[in-house]
Undergrad: 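What follows is a structure written as structure tokens; I'll ask about it next.
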Amino acid sequence: MIATKTIPDFSIPVHVDQVGIEERASRFTKRSIKNETKINGLLLALNMIDLTTLEGKDTAGKVKQLCYKAQHLHDSYPGLPTVAAICVYPSMVKTAKLALGDSGIKVASVATAFPSGQAPRDVKIRDTKFAVQNGADEVDMVISRGKFLEGEYNFVFDEIATIKEACGDARLKVILETGELVTYDKVRKASDIAMYAGADFIKTSTGKISPAATMPVTLVMLEAIRDFYYKTGKKIAMKPAGGISKAKLALHYLVMLNEVLGEDWMTNEWFRFGASSLANDILMQLMKQKTGVYQSANYFSID
Amino acid sequence: MLEGRKAQFVDELMKQDSTKAQAEKEVNLCIERFIYYSGWCDKFQQLYSSVNPVASSHFNFSVPEPTGVVAAIAPQQDALLGLVSVIAPIIAGGNTCIVLASSTKPLCAVTFAEVLNSSDLPGGVVNILTGKVAELVPYFADHMDVNATVFCESDSAIQKMIKEKSALNVKRVVLYDKIKWADATGQSPYFIMDFQEIKTTWHPIENIGGAKAGY
């Protein structure tokens, strides 16, 4: 399938207008959103969350608790959607799959020596296959940032293509770790490489590096997706991750998504938030809208 | 800190309809009141704690612990003394507070915020707002993250509303409508205790009854 596409020459530099991108991104934060729309937006954002736990201290118990939370976000608010997926390490995939049962919530697993990606390719392939065999519906891989920054674009391209092959039916999210790529030019180039190499999603960050997802970086990636769609007719999904912990910011991202890619992308098939604490803030805002009373985190489940 | 800016506070109180003598007296009282409550910080626990005799092998003791976040509507008349007299016992007991300053006389409260800012009080412990009482009271009373509400006026309709809304998350409601802040009765460790909760600990110990000789 890749062979039929005309793959651009990645050695040609791409330029992103830094000032323009930042200015445009800041405009999205200034839209006025009415109450009813806000509630619908919050519900949608909730439904787009990849509830994440990626800690060295993760245990089966913690993952089970998170899976329970994914299915019972706040039972005193009837009719809430569930989150889109649970995002865990490969060793926890089996536990998560079992705990989620037939709830329809997907299991995403990070793989390829997450978060650094500093491992030989055969290890990365085994890591990916392990996750998929244990039942992961989605795989979040990291690119080799070191190789990318050295200019070894073919290495990065081949790596993504190989992992995509190892994924089988699982959807592949490619983490660019934009905080380590530094410039928008590099983010744009990495996005293009990932999409042409077969990514289903492009994702900003691991959440382990600061800065993680920012609105301008996400905008650069959304524009890359738009241009890729115009060229090839293939839709690619987007996942900003890390640093999005407030409901208001999530709404800003949705505004941006709608204005750059349009309504076709406004479902959790095509857009995700990688976050752990965002869900509770959205729930608090929803309860505020419902009861008229400002909420306290004490009355929501721990995540 | 307060002492160093005494002249400014006196000046501001005079701009808010006090005579010079009244203003000086009020500022002096404020300074004394802070000293009074700072003295209580590490002593009131001893007064109100107890070791309780129990029949089982437990060391049983009760100690006061801070309630948490206290939302206070400061007195409208005693713009500075009232503010200080409300804030001091709340923070002496280890709580944090959100205080609505007198809406007609907010000048001293704003200057007082500057004083707190340059003192060694940790950030976020005292949060002073200015604004209209009627507008803000409902939010003070029904915010789920607030653990106690203080109201210092005798407006019974607002008192009733505060009590009703506070029931939502079982806030403590403290009404100071009859306190004369300038009197000696305007300060007491019982004001600290208004924002404390008594927590009791059952600490297992070896079987004292069996050992006879005791501990």
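A, B, ... follow the sequence lines: proteins, then strands. Residue 1 opens every chain.
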Undergrad: Quick check: closest heavy atoms across B:D145 and A:S296, and the distance to 0.1 Å?
TA: OD1-OG, 2.8 Å
Undergrad: Can you confirm whether more than 12 heavy atoms, excluding those of B:K132, are under 6.0 Å from its NZ atom?
TA: no
Undergrad: Taking atom CG of B:N169 and atom CG of A:N298, what is their separation to the nearest 0.5 Å?
TA: 9.0 Å
Undergrad: For atom NZ of A:K288, decide whether the heavy atoms of other residues, nucleotides or ligands shown that lie under 6.0 angstrom number more than 12.
TA: yes
Undergrad: Scan residues 97-123 of chain B for pairs that pass ring pair (Phe, Tyr, Trp, His ring centres under 6.0 Å), counting only residues two or more places apart or in two chains.
TA: B:F34-B:F112
Undergrad: Does atom CZ of A:R31 have more than 12 heavy-atom neighbours, drawn from other residues, nucleotides or ligands, at distances under 6.0 Å?
TA: yes
Undergrad: Considering non-hydrogen atoms only, spot the tightest contact between B:M144 and A:Y299 and give its length.
TA: O-CE1, 3.5 Å
